[in-house]
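Down below is the structure, laid out as structure tokens.
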Amino acid sequence: MKSAYIHIPFCDNICSYCDFCKMKYTKEWIDEYLNSLKNEIETFYKGEKIRTLYIGGGTPSSLSIEELTKLFEIVNLLNLECVEEFTIECNIESLTNEKLILFKKNNVNRLSIGIQTFNEKFLSLLNRKHTKTEVKEKIDMAKFIGFDNINVDLMYALPNETLEDLEYDVDEFLKLNVNHISCYSLMIEPHTKLFIDKIENIDEDLDYEMYKYIEKRLTNRDFIHYEISNYAKPNHESKHNLVYWNNDYYYGFGLSASGYLENYRYDNTRNLKKYNSHNFIENITKITDEDRLKYELILGFRKIRGINKEEFKNKFNISIYDVPNIKELLKSKMLVEDECNIFISDEWIYRSNEILVKFI
Ligand code: SF4
């Protein structure tokens with residue numbers, strides 16, 4: 001069994017902070033892109049049963065009903081008879097009832113919706129187009145149609161954001177009554193509109209305060225903080241994202257997608273012309289046993305429960321205590337352990353990067 005990610009790089013609207021591989025939705029480009037995607041899947045997919053499937057972007061919901069219908073025909077080239085989790089990313093403004101029904105008909109069982117904030121001044125700064133009423137209406141409709149597994153993205157540490165602003169957003173997000181919330185601190189990346197406009201990241205202490213505030217509010221409402229940026233109600237952790245953090249294999253299809261299969265990691269081209277001339281893969285790296293172990297640590301410690309000692313031993317044939325740096329990190333209390341697992345301590349999880357780089 002494998003997992004698969006499919007990238008749809010088109011968006012109705014370009015957000016001012018976005019450095020993903022995306023482009024403005026252009027009707028004339030979609031057909032050719034979908035044909036290339038079909039060709040890529042037909043060329044590289046070996047027919048395994050797919051356990052988790054994630055269609056991300058970009059904004060997959062920006063496609064029209066006809067285009068989505070064609071996308072699902074392509075998706076059905078994959079063996080989905082045992083699929084446990086099938087997620088599609090959506091934006092509120094392009095999510096119609098007709099599309100929700102189409103998703104349901106095609107066995108999508110999880111929606112991931114980009115919201116980021118309800119605060120109007122930040123919505124306009126981020127160039128996001130929804131209103132609070134629209135968000136509530138669309139999520140209610142999705143639930144009515146039968147989607148009970150919904151993630152929403154929340155963004156914090158926005159320029160000049162105060163703790164009161166964040167409190168308002170967290171209140172509104174909780175009112176949506178969904179079972180998964182991903183929380184990202186805004187990072188202003190080069191080449192984005194915010195960067196060009198010389199907008200700066202907020203003070204790091206405030207960023208930390210906001211991180212802790214979100215953690216406290218969500219865990220008080222029965223969300224489990226299971227990964228640095230992710231919270232889920234019990235049994236609603238993202239199975240697909242856990243594939244990445246568990247260092248398991250997955251296909252990546254589409255422009256800029258990455259995959260990890262049979263000891264090779266690969267990245268697809270970010271160049272649409274190249275992709276459409278079926279030069280899909282930009283680079284492939286052979287993963288040695290040593291690389292595999294490093295990935296296990298770097299990805300595994302992103303999970304709040306960290307790494308299971310027994311599973312690690314079975315996978316790598318060595319004790320995790322024999323991995324360089326582990327004993328020192330335990331001694332300094334940056335890592336802590338219980339009977340089964342080793343994980344980053346509460347005090348360090350916000351600064352986990354400082355620990356993770358030690359394994360590179
Ligand atoms: S919708 Fe998502 S992918 Fe598209 S521009 Fe905004 S953040 Fe980027």
Side-chain angles (χ1 to χ4, degrees), residues 5-27 29-30 33-34 37 53-64 67-68 71 87-96 99-100 103 108 110-132 134-135 138-139 142 150-159 161 169 173 176 178 180-197 199 201 229-230 238 240-241 244 252-258 267-272 275:
Y5 171 82
I6 295 178
H7 192 76
I8 302 297
F10 306 104
C11 295
D12 293 312
N13 178 57
I14 303 299
C15 306
S16 58
Y17 57 88
C18 180
D19 76 333
F20 299 139
C21 175
K22 82 301 173 181
M23 58 199 76
K24 186 114 176 115
Y25 172 92
T26 308
K27 187 136 199 75
W29 295 352
I30 311 292
Y33 182 76
L34 291 178
L37 180 67
L53 174 62
Y54 193 107
I55 305 183
T59 312
S61 64
S62 67
L63 301 192
S64 68
E67 292 156 352
L68 284 166
L71 173 64
T87 306
I88 192 160
E89 278 184 356
C90 311
N91 266 354
I92 289 294
E93 60 270 31
S94 57
L95 192 58
T96 62
K99 289 181 192 175
L100 282 166
F103 296 162
V108 172
R110 185 171 183 271
L111 303 176
S112 181
I113 305 178
I115 295 175
Q116 323 308 351
T117 177
F118 284 100
N119 191 317
E120 278 171 27
K121 68 180 175 205
F122 296 131
L123 281 172
S124 107
L125 180 81
L126 301 179
N127 200 27
R128 309 275 312 185
K129 302 293 180 196
H130 57 254
T131 64
K132 189 162 117 183
E134 271 171 345
V135 172
K138 300 273 172 93
I139 289 186
I150 299 178
N151 168 62
V152 287
D153 291 340
L154 180 157
M155 190 172 264
Y156 65 97
L158 303 169
E161 187 176 17
D169 261 344
F173 271 75
L176 296 174
V178 294
H180 196 287
I181 306 183
S182 299
C183 304
Y184 301 104
S185 155
L186 172 67
M187 298 301 296
I188 298 176
E189 305 287 355
H191 312 300
T192 61
K193 171 135 190 346
L194 291 183
F195 182 87
I196 292 162
D197 291 348
I199 305 285
N201 285 311
S229 310
N230 284 281
S238 162
H240 183 84
N241 287 341
Y244 303 142
F253 297 117
L255 195 70
S256 83
S258 300
D267 303 303
N268 276 359
T269 178
R270 293 173 75 98
N271 179 316
L272 185 65
Y275 187 81

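Owing to the predicted nature of the structure, the values given are computational and were not obtained by experimental measurement. Both counts, for ligands and for their atoms, begin at 1 and track the order of listing. Residue numbers run from 1 in the order of the sequence given.
Put simply, Cys18 gets within reach of atom 8 (Fe) of ligand 1, with an N, O or S atom under 2.8 Å from it.
Scanning all protein heavy atoms for the shortest distance to atom 5 (S) of ligand 1 gives Cys15 N, 3.3 Å. Among protein heavy atoms, the minimum distance from atom 7 (S) of ligand 1 is reached at Tyr17 OH, 3.5 Å. Here the protein heavy atom with the shortest distance to atom 4 (Fe) of ligand 1 is Cys11 SG, 2.3 Å.
Ligand 1 is approached by Gly58 to a heavy-atom distance shorter than 4.0 Å. Not a single heavy atom of Asp12 sits closer than 4.0 Å to an atom of ligand 1. At least one heavy atom of Arg128 sits less than 4.0 Å from an atom of ligand 1.
Phe10 and Trp29 have tilted rings, their planes meeting at an angle from 30° to 60° on a 0 to 90° scale. Note on ring orientation: taking the six-membered ring where Trp is involved, the planes of His7 and Tyr5 are tilted (angle from 30° to 60°).
Nearest heavy atoms, Thr87 versus Ser112: CG2-CB, 3.9 Å.
For Ser61 and Ser94, the side-chain atoms include at least one donor-acceptor pair closer than 3.5 Å.
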| said: Please evaluate residues Tyr25 and Leu63 with respect to the criterion side-chain contact (heavy atoms from CB on, under 4.5 Å), reporting the C-alpha separation (whole Å), side-chain torsions for both, the decisive distance (0.1 Å), and the verdict. | reply: CA-CA 8 Å; Tyr25 172 92; Leu63 301 192; 4.2 Å; yes
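Near Asn13, meaning under 4.0 Å from one of its heavy atoms, ligand 1 places the atoms 5 (S).
Heavy atoms of Asn91 found under 4.0 angstrom from ligand 1 belong exclusively to the side chain.
Classification of Arg128 and Glu93 as a salt-bridged pair fails, no side-chain N sitting under 4.0 Å from a carboxylate O.
For CE of Met23, the number of neighbouring non-hydrogen atoms (other residues, nucleotides, ligands) closer than 6.0 Å is greater than 12.
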